[in-house]
Enquirer: 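If you scroll down you'll find the structure; I have some questions about it.
Naming: A, B, ... by sequence-line order, numbering from 1 per chain.
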There are 2 protein chains.
Amino acid sequence: MQNEILNETGSAAPSDSSSPESLTSRAYLRLKQDIISGRLMPGRKLKIEELRRQYDIGTSPIREALSLLTSDHLVERWDQRGFRVANVSEGEFSELLKTRCWLEERALRESIANGSDEWEERVVLANHRLSRIPRSEASDHFVANAKWEEAHKHFHMTIISECGSSILLKFCKQLYDQNIRYRQLSGSKAYPKRDIADEHNAICQAVLARDANKAATLLIDHYKNTGTFVHSELTV
Amino acid sequence: MQNEILNETGSAAPSDSSSPESLTSRAYLRLKQDIISGRLMPGRKLKIEELRRQYDIGTSPIREALSLLTSDHLVERWDQRGFRVANVSEGEFSELLKTRCWLEERALRESIANGSDEWEERVVLANHRLSRIPRSEASDHFVANAKWEEAHKHFHMTIISECGSSILLKFCKQLYDQNIRYRQLSGSKAYPKRDIADEHNAICQAVLARDANKAATLLIDHYKNTGTFVHSELTV
DNA sequence: AAACAATAAAAAAACGATATATTTTGCCAA
DNA sequence: TTGGCAAAATATATCGTTTTTTTATTGTTT
């Protein structure tokens with residue numbers, strides 16, 4: 001199903017080795033992961049033949065997956081000249097951050113206005129689980145922890161999940177993924193200084209108190225703080 | 001180029017008969033038009049073989065185009081069971097309308113805050129051109145006028161064009177296209193009663209006066225009015 | 001002699017046709 | 001009537017051909 005393909009990013013293909021999904025889905029998820037994680041660098045040419053050999057998947061599924069990624073702004077298509085990984089720029093990152101704040105603020109306010117008790121419980125749970133996962137896999141130097149990334153995305157998507165518009169939610173997810181890529185590319189060296197867990201706790205509290213203004217301010221600050229780090233890394 | 005494919009909807013392939021675009025783009029545009037205009041009904045099975053013969057284009061470009069349309073929510077992919085035209089529902093239309101209002105209000109306010117003099121001129125021009133095109137091709141009964149549709153989209157996109165985020169603008173365009181489909185499907189019999197030109201003039205005036213609150217209210221009312229007509233048609 | 005242009009060769013992408021795997025449908029038996 | 005099996009239809013994937021683009025080499029001009 002298309003929705004499953006688009007929504008789940010990292011957690012796909014759990015334990016089942018012989019995935020029943022189509023090869024297109026598999027190619028889509030692998031390519032998406034490889035681009036978001038920074039393994040495939042911006043601007044890099046995506047030669048069909050190369051990918052075909054590497055992923056052991058035919059050209060059609062690869063092409064379809066690349067077409068799909070094009071809509072996510074992770075891949076660019078140059079008519080008659082193939083595909084390449086979408087470029088990054090400071091300007092685009094500013095736009096991304098700005099747009100994300102606009103959309104997520106709206107979604108958060110709607111969620112706080114409409115969210116059920118069951119939703120509150122999901123928020124608490126998501127925050128708790130996130131707090132229990134270390135940000136980095138190593139304690140002395142920073143190594144991105146995929147589990148943390150997954151839990152982090154889940155927390156942020158949970159607090160806006162009851163906004164009443166699956167369309168808006170989809171847009172937010174898309175922008176979130178684009179943002180991860182910028183985070184990964186910028187090295188993330190500066191992060192550990194901030195106590196991110198505290199920020200999440202504060203957001204969680206404001207959400208549970210149904211204090212929309214406070215929650216929105218905290219969320220936007222949370223994003224903008226991260227943004228300045230990414231920006232400074234990008235400029236160097 | 002991907003951008004050209006995604007942005008221009010109706011006005012593509014102007015006079016040049018031997019289009020230099022890829023067949024994928026051509027298939028994408030034709031299918032998009034056929035779905036938006038309602039020629040291909042919601043839920044209709046899109047058999048590759050059938051489309052291949054009909055459009056005289058190979059299977060690969062057709063599949064790629066369908067994948068692309070999937071991201072626009074105009075086509076649904078059922079894993080291993082092919083593609084079909086996205087279904088419509090009252091619930092989805094409500095969401096669409098709501099989301100559109102949220103996003104376009106934000107975009108309009110930003111445009112009004114940041115728009116240049118040159119932008120004001122573009123707004124005036126877009127409104128003028130729209131006002132000169134008849135809504136219906138026939139005077140006694142309603143026949144959708146493609147020229148009017150194009151000018152209408154152009155007017156609405158122009159007033160939000162200086163929002164400072166090409167990402168947000170892309171989302172708005174996508175939602176606008178989805179909305180056209182609902183309009184076309186609901187017959188549009190009720191419309192001519194309203195004086196839509198007046199509504200556009202009022203919006204235009206408020207925009208030029210840089211009265212963000214008034215412009216936003218007028219725009220949202222404009223959309224919600226149309227929405228109630230579509231809703232009533234959909235319920236029948 | 002160096003730089004630019006033109007042509008040719010190689011590489012890559014787009015397309016279309018064929019083959020394989022999956023699903024659906026129809027029929028027969030229990 | 002229902003369950004299962006088989007056959008047909010349909011979707012997905014691979015492969016080979018054609019067209020386009022890019023690069024390299026050679027020739028010409030300044």
Enquirer: Roughly how many Å is it from CG in B/D79 to P in D/dT12, rounded to a whole number?
Expert: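 Going from CG in B/D79 over to P in D/dT12 covers 8 Å.
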Enquirer: Rounded to whole angstroms, how far apart are CD1 on A/I48 and P on D/dT19?
Expert: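 It is 20 Å, rounded to the nearest whole Å.
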Enquirer: Of B/S60 and B/K47, whose closest DNA chain D nucleotide lies nearer the 5' terminus?
Expert: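 Checking each residue's closest nucleotide, the 5'-ward one belongs to B/K47.
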Enquirer: Whether A/K98 and A/E95 form a salt bridge (side-chain N of Lys/Arg under 4.0 Å from carboxylate O of Asp/Glu) is what I want to check.
Expert: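 Salt bridge absent between A/E95 and A/K98.
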Enquirer: Nearest whole Å is fine: how far is C/dA13 P from A/F83 CZ?
Expert: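 Roughly 9 Å, once rounded to whole Å.
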Enquirer: Rounded to the Å, how far apart are B/E50 CD and D/dA11 P?
Expert: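 So the two atoms are 10 Å apart, to the nearest Å.
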Enquirer: Does C/dA13 have its OP1 or OP2 closer than 4.0 Å to a side-chain nitrogen or oxygen of A/K45?
Expert: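 Indeed, a polar side-chain atom of A/K45 lies that close.
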Enquirer: Which of the following nucleotides, C/dT24, D/dA13, C/dG16, is nearest to the side chain of B/R81?
Expert: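 The answer is C/dT24.
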Enquirer: Under 4.0 Å between a side-chain N/O of A/T59 and OP1 or OP2 of C/dA14, yes or no?
Expert: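 So the side-chain polar atoms of A/T59 never come under 4.0 Å of the phosphate oxygens OP1 or OP2 of C/dA14.
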Enquirer: Find the distance B/I62:CD1 to C/dA17:C1' and express it as a whole number of Å.
Expert: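 After rounding, the reported distance stands at 15 Å.
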Enquirer: Using only heavy-atom distances, determine whether the side chains of B/S165 and A/T99 contain a donor-acceptor pair under 3.5 Å.
Expert: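 Yes, a side-chain donor-acceptor pair sits under 3.5 Å.
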Enquirer: Rounded to whole angstrom units, what separation is found between the CD1 atom of B/I57 and the P atom of C/dC15?
Expert: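 Roughly 8 Å, once rounded to whole Å.
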Enquirer: What's the closest nucleotide to the side chain of A/R63 if the choices are C/dT24, C/dA13, D/dT14?
Expert: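 Of the candidates, C/dA13 comes closest.
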Enquirer: In whole angstroms, how far is the P atom of C/dG16 from the CD atom of B/E49?
Expert: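 So the two atoms are 12 Å apart, to the nearest Å.
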Enquirer: Flag the pair B/E162 and B/R122 as a salt bridge only when some basic side-chain nitrogen lies within less than 4.0 angstrom of an acidic carboxylate oxygen.
Expert: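 Salt bridge present between B/E162 and B/R122.
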Enquirer: Could you state the CD-P distance from A/E64 to D/dT12, rounded to the nearest angstrom?
Expert: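 The distance from CD of A/E64 to P of D/dT12 comes to 7 Å, rounded to the nearest Å.
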Enquirer: Inspect the contact between A/E105 and B/R106 and indicate whether a charged nitrogen and a carboxylate oxygen are less than 4.0 angstrom apart.
Expert: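 The answer is no: the pair does not qualify as a salt bridge.
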